[in-house]
Amino acid sequence: MNDRFSDRVLGWFDVHGRKDLPWQQDISAYRVWVSEIMLQQTQVTTVIPFFERFVARLPTVQALAAADEDTVLHYWTGLGYYARARNLHRSAREIVTNHGGQLPMTLDGLLALPGIGRSTAGAIIAIAGDQRGVILDGNVKRVLARHFAVEGWLGERTVADALWQLADQTTPHQRVADYTQAIMDLGATVCMRQPQCGDCPVQQTCLACRTQTTAQYPGRKPRKEKPVKTTRMLIIENPEGEVLLLQRPPTGLWGGLWSFPECDDQNAFMADHGLTMVEEIALQPFRHSFTHYHLDITPMQVRVDTPNASTVAEASARWVLPQSPPPIGFTRPVTRIFEALYSNSLL
Ligand code: SF4
């Protein structure tokens, strides 16, 4: 099965694979390394002009090591993820200092260099060293997750381990350099987000395709539940039907907007503000969601018998008629409750 998988991928590559990419010409460990770093998070078509300019100006490990960081970053400008360029530069200096200017062509040797992970090391070993190296970049993960119906999010350790095992099992012992290119190409050009299964050499054995579940693989990152905070808002109504609002501090949540008083101890609030409660109605709680958390709001409608609207005389407090609110900024819970009070609908 594994031989057949790699045979079919290689057979497809012989006919359809990309063989004229710039880093596939004049193959050297340096050129493969630079291309693999550039291809992390970045598409082939974007990388090509950057790669050509980079290796034209910095054609060897020694040239890269001798360049100053500004020069390296200059040739990287526009590619993004600049830590990649800085790590490439640091690695070049280590290679010159500790490895006689030659990339160490072993998994451990490459992994010890800044910015080189297991998949990049595998690609360099396979493509430039023509030794058996195993890769598992984003494209390969997608192909394997679908073909073998590997459930779960790729960022989870157990899923990653399962995929590495499959990557190892499917990597052949011959034509490793071609296979490495081939499986990456298959992911990039056929098993894309919208897979072209009709053009795929492993369609017959692909579990996701056979069960028409390609959209389920790879599994999505589980959504983290937002934390929930709670608050109690007092909708204090005076005999004129006006409602008390307080202006929030200028910075922070709802900065400068007008909102209901929030407090756990409404009796203390009443006493502090010279208000006397005559009726209290618990309204239906509701949720207001922010980017990072939910706020569960329990609104309490409190009628007071204080006829004088100036009872609460702070500058940051005012009585407002919900049916004809003034042109000031309200928090969303205020507008929501005003709509409910005005229309008499349930919250
Ligand atoms: Fe991807 Fe379709 Fe090929 Fe399966 S058959 S590996 S889903 S392109």
Side-chain angles (χ1 to χ4, degrees), residues 1-21 23-24 32 35-36 38-48 117-127 132-223:
M1 156 65 140
N2 295 338
D3 284 346
R4 280 185 283 133
F5 181 93
S6 59
D7 284 348
R8 281 176 285 153
V9 172
L10 281 164
W12 169 85
F13 177 74
D14 288 339
V15 179
H16 302 287
R18 295 179 289 193
K19 302 173 193 78
D20 54 359
L21 297 171
W23 46 90
Q24 292 174 315
V32 172
S35 71
E36 286 297 322
M38 287 187 169
L39 286 164
Q40 291 169 0
Q41 331 272 350
T42 314
Q43 296 204 339
V44 165
T45 47
T46 305
V47 165
I48 288 174
R118 192 169 158 191
S119 184
T120 302
I124 295 169
I125 288 171
I127 298 172
R132 191 168 181 277
V134 179
I135 62 154
L136 188 64
D137 71 355
N139 287 317
V140 182
K141 284 178 183 169
R142 194 165 54 252
V143 173
L144 296 180
R146 286 174 173 164
H147 186 272
F148 295 99
V150 178
E151 308 263 350
W153 175 51
L154 305 183
E156 281 168 22
R157 179 95 221 152
T158 50
V159 179
D161 287 349
L163 289 171
W164 272 109
Q165 201 173 350
L166 288 166
D168 190 34
Q169 286 169 5
T170 47
T171 300
H173 289 267
Q174 278 84 39
R175 296 191 64 192
V176 183
D178 283 349
Y179 177 79
T180 301
Q181 288 288 350
I183 191 74
M184 288 193 289
D185 271 8
L186 188 67
T189 63
V190 177
C191 195
M192 301 170 289
R193 190 203 286 257
Q194 298 290 338
Q196 309 294 312
C197 300
D199 299 330
C200 181
V202 294
Q203 182 190 16
Q204 283 184 341
T205 49
C206 176
L207 292 175
C209 184
R210 274 165 42 178
T211 54
Q212 300 186 345
T213 54
T214 54
Q216 291 176 26
Y217 302 96
R220 290 197 177 78
K221 185 177 182 176
R223 284 179 57 179

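One is the number of the first residue; the rest follow in order along the sequence. When a ligand or atom number is given, it counts from 1 through the structure's own listing order. Remember, predicted model here, so these are calculated numbers, not experimental data.
Side chain of Ser119 to backbone of Ile135: no donor-acceptor contact under 3.5 angstrom is found. Judged purely by atom type and a 3.5 angstrom limit, Thr171 has no side-chain atom pairing as donor or acceptor with the backbone of Val134. Distance alone, capped at 3.5 Å, is enough to place a donor-acceptor pair between the Arg142 side chain and the Cys191 backbone.
A side chain to side chain donor-acceptor pair (under 3.5 Å) check over residues 186-204, counting only residues at least two apart or in different chains, returns nothing.
In this structure, the side chain to side chain contact (heavy atoms under 4.5 Å, CB included) partners of Gln165, at least two apart in sequence or on a different chain, are Gln169.
For atom 1 (Fe) of ligand 1, the neighbouring protein N/O/S atoms at less than 2.8 Å, given as residue and atom, are Cys191 SG.
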Hey, can you pull the donor-acceptor pairs under 3.5 Å for the side chains in residues 175-185, sequence neighbours left out?
residue : atom : partner : partner atom : Å
Arg175  : NE   : Asp178  : OD2          : 3.2
Arg175  : NH1  : Asp14   : OD2          : 3.3
Arg175  : NH2  : Asp14   : OD1          : 2.7
Arg175  : NH2  : Asp178  : OD2          : 2.8
Thr180  : OG1  : Val176  : O            : 2.7
Gln181  : OE1  : Gln24   : NE2          : 3.1
Asp185  : OD1  : Arg18   : NE           : 3.2
Asp185  : OD1  : Arg18   : NH2          : 3.1
Asp185  : OD2  : Arg18   : N            : 2.7

